[in-house]
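So that the names make sense, note that chain A is the first sequence line, chain B the second, and so on, each numbered from 1.
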There are 2 protein chains.
Amino acid sequence: MQPVQNGLLPAEVDDLHQISMRLNWASRRHFAHELDTFGLTVPQFIVLHTLYRQSRGCSMSELAEASLQVSATMTGIVDRLVERGLVQRQRDQADRRSVHIVLDQAGVLLMEQIENKQKERIAYLLEQLSHEERQHMIRLMSLYLEVTLAETGAEDNISNIPISVD
Amino acid sequence: MQPVQNGLLPAEVDDLHQISMRLNWASRRHFAHELDTFGLTVPQFIVLHTLYRQSRGCSMSELAEASLQVSATMTGIVDRLVERGLVQRQRDQADRRSVHIVLDQAGVLLMEQIENKQKERIAYLLEQLSHEERQHMIRLMSLYLEVTLAETGAEDNISNIPISVD
DNA sequence: TATTGTTATACTCTATAACTATA
DNA sequence: TATAGTTATAGAGTATAACAATA
């Protein structure tokens with residue numbers, strides 16, 4: 001219980017360390033099981049989500065960067081999404097090396113279903129809090145996300161893809 | 001911007017939905033890369049962490065439950081930890097069906113290193129907040145964890161293993 | 001019969017390295 | 001020569017089903 005800096009207590013560090021590790025793992029498992037009921041894996045969902053928010057589509061390299069993946073991994077994930085008819089590969093006419101990925105109609109419908117279900121769960125959580133606490137939660141989790149992304153070396157990520165093509 | 005219930009705004013739901021998804025994915029990737037520098041995978045670390053906090057060891061089924069995994073998966077993970085000399089398998093004399101897993105000396109040393117490094121990162125994050133905000137963060141993330149665990153159907157988890165053997 | 005744990009199997013993710021096609 | 005993407009390869013996690021040993 002010795003103060004360290006800025007009044008920071010070792011017990012606070014221990015608590016948040018423990019909680020963040022447990023939350024990371026429990027969320028991962030929960031997320032995977034929830035998506036499994038829709039026949040999706042987590043990485044597949046991340047790709048669909050990226051495309052869902054970028055309705056004009058993405059190149060493979062943009063998808064890879066947004067998903068924090070190398071391009072070879074992205075090839076396999078997109079292969080399976082194409083097989084399921086959720087996305088389409090389109091050759092770029094301007095630069096024929098590039099491949100443009102777009103959501104298919106079935107992909108859009110699936111994402112609407114999934115995101116609605118996810119938001120119900122978030123709403124349930126937030127209903128237990130006051131308006132002030134909700135704002136606090138959003139701010140603190142954003143901070144946590146920023147610190148995490150900064151260490152991962154990603155300037156940006158899935159919700160805010162660095163698109164240079166325009 | 002229509003209030004829904006308890007003054008909850010759709011925009012708040014959207015924000016937290018977006019943030020929690022991004023945080024889930026970014027943490028997963030960050031966590032995996034950090035552990036890779038120690039030659040570990042995330043599931044391997046979860047098992048080591050469970051044993052680290054339960055110094056008397058665990059049975060395979062306890063490990064599986066604490067890690068939110070089925071036992072067949074646990075067998076493979078423990079196999080690799082044994083090969084690396086981080087844990088040991090011991091036959092239980094009382095019930096010879098049961099296998100007791102304990103951390104090896106090398107496993108203890110490795111966990112000390114890793115957890116210290118992780119706590120440095122948490123401390124860096126917390127130093128940016130006031131004491132009140134830190135307490136808020138701990139409380140709100142605990143709440144989030146609880147809701148997640150409740151939906152996963154786990155009464156308990158990695159830090160608080162349901163040990164009946166005693 | 002029931003329980004504990006392992007084996008067999010099949011699929012997905014992941015990274016690295018080598019490769020093709022295009023610029 | 002450099003870039004975009006794919007293929008080949010190897011290893012790890014995951015779940016289901018079948019199985020062996022023990023209770």
message: Taking 4.0 Å as the cut-off, does a side-chain nitrogen or oxygen of A/Ser59 come that near to OP1 or OP2 on D/dA4?
response: no
statement: Regarding the side chain of A/Arg97, the nearest nucleotide among D/dT16, D/dA2, C/dG5 is D/dA2
Rounded distance in Å - CD (A/Gln93) to P (C/dA23): 10 Å
query: Taking atom P of D/dT6 as reference, at what distance in whole Å does atom CG of A/Leu63 sit?
result: 11 Å
message: Check the orientation of A/His17 and B/His49. Use parallel for under 30°, tilted for 30 to 60°, and perpendicular for over 60°.
response: perpendicular
query: Are A/Phe45 and A/Phe31 near enough that their ring centres are under 6.0 Å apart?
result: yes
query: Which part of the nucleic acid does A/Ser98 contact within heavy-atom distance under 4.0 Å: base, sugar-phosphate only, or nothing?
result: sugar-phosphate
statement: When rounded to whole Å, the CG to P distance for the pair B/Leu68 and D/dA15 reads 10 Å
- prompt: What do the steps show when you test A/Gln128 against A/Glu133 for side chain to side chain donor-acceptor pair (under 3.5 Å), and what is the final call?
  reply: CA-CA 9 Å; A/Gln128 301 179 44; A/Glu133 285 177 313; over 6 Å; no
field: Distance (rounded to the nearest 0.5 Å) between A/Thr41 OG1 and A/Asp36 CG
entry: 9.5 Å
task: Grab the CE-C1' distance between A/Met60 and D/dT3 for me, whole Å please.
output: 15 Å
query: Within the structure, does a side-chain N or O atom of A/Arg91 lie under 4.0 Å from either OP1 or OP2 of D/dA4?
result: no
task: Return the nearest nucleotide to the side chain of A/Pro43; candidates are D/dT6, C/dT14, C/dT7.
output: C/dT14
field: Whole-Å distance separating the CG atom of A/Asp36 from the P atom of D/dA15
entry: 9 Å
message: Hydrogens and angles aside, do A/Arg84 and A/Gln44 bring a side-chain donor and acceptor to less than 3.5 Å of each other?
response: no
message: For D/dT14 and B/Thr73 - does any side-chain N or O of the residue sit under 4.0 Å from the phosphate oxygens OP1/OP2?
response: no
message: Just N and O in the side chain of B/Arg96: are any of them under 4.0 Å from OP1 or OP2 of D/dT22?
response: yes
message: Classify B/Ala94 by what it touches in the nucleic acid, base, sugar-phosphate, or nothing, heavy-atom distance under 4.0 Å.
response: sugar-phosphate
query: How long is the line joining CG of A/Asp79 and P of D/dT6, in whole Å?
result: 7 Å
- prompt: Counting just side-chain N and O atoms, does A/His33 come under 4.0 Å of either OP1 or OP2 of D/dT14?
  reply: no
field: From C/dT16, D/dT6, C/dG5, nucleotide with atom closest to A/Val70 side chain
entry: C/dT16
statement: Checking C/dG5, C/dT22, C/dA17 against the side chain of A/Ala72 (C-beta onward), the nearest is C/dA17
task: Give a yes/no answer on whether the side chain of A/Ser61 brings an N or O atom under 4.0 Å of OP1 or OP2 in D/dG5.
output: yes
- request: Identify which nucleotide among D/dT14, C/dT14, D/dT16 has an atom closest to any side-chain atom of A/Arg28, counting heavy atoms from C-beta outward.
  value: D/dT14
field: Closest to side chain of B/Thr41, choosing from C/dG5, D/dG5, D/dA12
entry: D/dA12
task: For the pair B/Asp79 and B/Arg89, find out whether any cationic side-chain nitrogen is under 4.0 Å from an anionic carboxylate oxygen.
output: yes
- prompt: How do B/Thr75 and A/Val42 order along DNA chain C: which one's closest nucleotide is nearer the 5' end?
  reply: B/Thr75
- prompt: Taking atom P of D/dA12 as reference, at what distance in whole Å does atom CD1 of B/Ile46 sit?
  reply: 18 Å
query: Once you round it to whole Å, what is the distance between P of D/dA12 and CZ of B/Arg84?
result: 10 Å
- prompt: Does C/dA15 have OP1 or OP2 sitting under 4.0 Å from an N or O in the side chain of A/Gln69?
  reply: yes
